[in-house]
Amino acid sequence: SRREQGGSEVTAAEHSVFEGAFWRDPYPAYERLRAQAPVREVALPRGGTTWLITRYDDVRAAFTDPRLVKDHRATLPPEVREQAPRLPGPFGSMMILLDPPDHTRLRRLVARAFTPRRTAELRPRIEALAAALLDALPVDEPVDLLATYAVPLPMAVICELLGVPDTDRDAFGPWSRALVDDHDDVDEQQATAGLAQYLHALVESKRRAPDGALLSALVEVSEAGDQLSTEEVVAMGVLLLIAGHETTANLIGNAVLGVATDAALRERLLAGPEQVPAAVEEFLRWDGPVHNAPLRFAAEDVEYSGTTIPAGSVVTLSVGAANRDPDRFDRPELLDPDRDTGGHLAFGHGLHYCLGAPLARLEGEVALRSLLDRFPGLRLAVPPQDLAHRRSVIVHGLEQLPVVLGPRPG
Ligand code: HEM
C-alpha cells in the first residue's frame, strides 16, 4: 500500500481527523497536527487517504511547488499513466483540476471578467440584490439567514454574470451541495449527471440565442476556433456556478455568526461601517469558508517539515490550519479586525489563486453592511451550540443560521 511505501506510522486516532467534533470546530485538530504532525496522512471521509499539510510556511510553499500537480494520473504507476484517460469524469476539463498549459489557456479566457475593476462595477447591482432579499424577510420571527440571504445573494450574482435564468436557480443548488459535502448518503454521480445535462442544455440555448453574458461569450469563443471545446465551456460553467456561491455563502454565514455572537465587534461595525472590509478580511483568515484546498497529487517524492510524501500520494493544503499558525499570525485564535491579515491563504496562492477573490470580498462587504445597516439588533434564534455545521473537507460552514432580525429601527 501507499502507506507502507511512505513508512509513516499512523495511529487510529490521528488517522481519522475528518469526523465528529471536527466539522463544527476543526481548529483544535489543526493546532495538534501543526504542532505534532505537520505533514500527516489521514483518512478521507469518502474513502482513501490524503497527506494533510498544516503549517503556514509549508502550505504557502506547497501552493507553488511544481511537483504537486492537479493531474490525477500522477497517482498511477508510470507504466499505465500515459494510457489512462487524462481527465476524470465529465467535469475533468475544469481549470481547477488542470495544470499548465491547459490551465493557463482556460484561465486567460475568463480572467478578464473577474478583475478588481470589472468587479467593482457590480457594486450597485449587488447592493440592490441584497436590499431586495432583506426586504422580503420577516422581522420578528426566526428566519434561516443562510437559505434566505447568504446563499441566494452570491447565487444571484454569479447567475447574472453567467446568464443563468432566474427560474433555473433552485434546480442546481442541491446538486452543487452534493458535490461539495462529504455525506455518505449523497449521490455524487446523480448530481454530476444533473449538472452536466443542465449546463449542456444551457450552452445549446446560448448558441441559439446569445445574450452577452459570460457563458454566451465563452460559446462564441468556442465557435471562433479550437480555443475552447463545448466540454470546456460546460466545465467552466459548472466550476463558476459552484465556486461562485458555495464559498461566498459561507463567508457571509460565518461572518454573520461572528457579529451575532460578538457584541463588541457588532458595536464597532455599527459605529464605523467603513471597517467592514477589514473585518471581512479577518473573517477570511480566522474562519474562511474554504479550510482545505481541493486535492493535489505528488508527481514525485516531496519533503515538508522533515516528512517525505511519497510520489503518487494525494495531498491537501490546509489553508484553515495555515491561517491559524502562531508562527505567522500573533494569537491566531483571536478575531481581531485591527490585525495585519496580509498573506492569509483563504483564497489560496499561486497559479490557482481564487479567480473570484475580488467578487467574494465585495459580496461579503455588501452583505454584512446591508444587513447591519437594516437590522442592527439581529440575534441568533438558537444557542450557538445548537447550530449544525456542514460535513465537508473543503468548505467550513453552517447548515442553517436561524436568527431573529428584530424590529427595524425608527
Ligand atoms: C479557486 C477560495 C469565492 C471562483 C479558489 C481557491 C481557493 C478559493 C482556496 C484555490 C483552489 C486551489 O488552489 O486548488 C475561495 C473563497 C471564496 C471564493 C474562500 C469566498 C470567500 C469565489 C467566487 C468565485 C470563485 C465568488 C467566482 C467567480 C474560483 C475559481 C477558482 C477558485 C474559478 C479556480 C481558479 C484556478 O484553478 O485557476 N477559490 N473562493 N471563487 N475560485 Fe474561489
Side-chain angles (χ1 to χ4, degrees), residues 50 53 59-60 62-65 68-71 91 93-116 118-119 122 126 150-151 153-162 164 176 180 214-215 218 232 235-255 280-297 314-323 344-368 392-397:
T50 188
I53 304 186
V59 171
R60 190 176 169 94
F63 265 119
T64 55
D65 188 331
L68 295 176
V69 298
K70 293 278 194 168
D71 186 344
F91 305 139
S93 40
M94 278 187 190
M95 66 175 171
I96 201 168
L97 303 178
L98 297 174
D99 301 304
D102 288 319
H103 171 264
T104 322
R105 174 175 58 88
L106 291 168
R107 179 143 176 154
R108 199 177 291 141
L109 288 168
V110 288
R112 250 175 313 154
F114 293 95
T115 59
R118 286 289 291 278
T119 302
L122 299 174
I126 299 173
V151 173
L153 181 62
M155 177 87 106
V157 174
I158 195 69
C159 284
E160 286 193 8
L161 279 174
L162 285 170
V164 173
S176 164
V180 172
L214 185 56
L215 210 54
L218 292 174
E232 287 171 334
M236 186 66 84
V238 172
L239 172 61
L240 291 172
L241 275 177
I242 296 181
H245 85 279
E246 288 284 352
T247 48
T248 314
N250 291 297
L251 169 64
I252 297 170
N254 295 354
V280 166
E281 213 56 40
E282 173 65 346
F283 275 120
L284 283 161
R285 181 204 65 85
W286 180 71
D287 189 17
V290 173
H291 57 147
N292 292 296
L295 303 180
R296 284 162 168 74
F297 307 103
V314 180
V315 179
T316 297
L317 309 185
S318 184
V319 298
N323 283 340
H344 77 64
L345 297 172
F347 291 117
H349 179 57
L351 289 181
H352 293 277
Y353 180 80
C354 179
L355 178 75
L359 180 58
R361 287 182 165 119
L362 178 60
E363 289 175 344
E365 180 202 335
V366 169
L368 204 55
S392 163
V393 170
I394 295 178
V395 169
H396 187 237

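Counting starts at 1 for both ligands and their atoms, following the listed order. Predicted model, so just to flag it, every value in this text is computed and none were measured.
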Check: Under the 3.5 angstrom rule, does the side chain of Asn323 hit a backbone N or O of Leu345 as a donor-acceptor pair?
Finding: yes
Checklist line | Closest protein heavy atom (residue, atom, distance) for atom 10 (C) of ligand 1 | finding: His352 O, 3.4 Å
Check: In the protein, which heavy atom is nearest to atom 35 (C) of ligand 1, and how far is it?
Finding: Arg107 NH1, 3.3 Å
Notebook entry, point to check: Which of the numbered atoms in ligand 1 are below 4.0 angstrom from a heavy atom of Leu351?
Noted result: 38 (O)
Notebook entry, point to check: Nearest to atom 8 (C) of ligand 1, what protein heavy atom do you find, and at what distance?
Noted result: Cys354 CB, 3.7 Å
Item checked: ligand 1 atoms in contact with Phe114 (distance to a heavy atom under 4.0 Å) -> 28 (C)
Notebook entry, point to check: Is there a side-chain contact between Phe297 and Val315, using heavy atoms and a 4.5 Å cut-off?
Noted result: no
Notebook entry, point to check: Is there a donor in the side chain of Asn250 and an acceptor in the side chain of His396, or the other way round, less than 3.5 Å apart?
Noted result: no
Check: Looking at atom 6 (C) of ligand 1, what's its closest protein heavy atom, distance included?
Finding: Phe347 O, 3.8 Å
Next item on the list: Give a yes or no answer on whether the side chain of Thr104 reaches the backbone of Pro100 with a donor-acceptor pair at less than 3.5 Å.
Entry: no
Notebook entry, point to check: Can you list the atoms of ligand 1 that are under 4.0 Å from a heavy atom of Pro289?
Noted result: 19 (C), 21 (C)
Check: Who's the nearest protein heavy-atom neighbour of atom 27 (C) of ligand 1, and how far?
Finding: Gly244 CA, 3.6 Å
Check: Quick one: nearest non-hydrogen protein atom to atom 11 (C) of ligand 1, plus distance?
Finding: Pro294 CD, 3.6 Å
Checklist line | Aromatic ring pairing Tyr353/Phe347, orientation class (parallel under 30°, perpendicular over 60°, tilted between) | finding: perpendicular
Next item on the list: Check whether any side-chain N or O of Lys70 sits under 3.5 Å from a backbone N or O of Ile96 as a donor-acceptor pair, and report yes or no.
Entry: yes
Notebook entry, point to check: At a 4.0 Å threshold, what atoms of ligand 1 neighbour a non-hydrogen atom of His103?
Noted result: 36 (C), 37 (O), 38 (O)
Next item on the list: Any chance you could measure Met236, atom CE, to Arg107, atom CZ, to the nearest 0.5 Å?
Entry: 9.5 Å
Margin query: Out of all atoms in ligand 1, which are within 4.0 Å of some heavy atom of Ala346? Include the element for each.
Written below: 2 (C), 9 (C), 19 (C)
Margin query: Checking side-chain polar atoms at under 3.5 Å, does Thr316 have a donor or acceptor matched by the opposite partner on Asn292?
Written below: no
Notebook entry, point to check: Near Ala360, which atoms of ligand 1 are under 4.0 Å from a heavy atom of that residue?
Noted result: 3 (C), 20 (C), 21 (C)
Next item on the list: Mind checking side chain to side chain contact (heavy atoms under 4.5 Å, CB included) for Val151 and listing every partner two or more places apart, or none if nothing turns up?
Entry: Leu146, His245, Ala249
Check: Against heavy atoms of Lys70, which atoms of ligand 1 measure under 4.0 Å?
Finding: 12 (C), 14 (O)
Item checked: ligand 1-proximal atoms of Met95, by part, heavy-atom distance under 4.0 Å -> both
Item checked: atom 4 (C) of ligand 1: the protein heavy-atom neighbour that sits closest, reported with distance to 0.1 Å -> Ala243 CB, 3.5 Å
Note to self: I'd like to know if the side chain of His291 and the backbone of Val393 have a donor-acceptor N/O pair within less than 3.5 Å.
What the structure shows: yes
Item checked: Where ligand 1 meets Leu251 - atom numbers and elements under 4.0 angstrom, heavy-atom basis -> 21 (C)
Check: Quick check: does any side chain N or O of Arg118 sit under 3.5 Å from a backbone N or O of Pro116, one acting as donor and the other as acceptor?
Finding: no
Next item on the list: Distance to 0.1 Å, residue and atom name: give those for the protein heavy atom nearest to atom 13 (O) of ligand 1.
Entry: Arg296 NH2, 2.6 Å
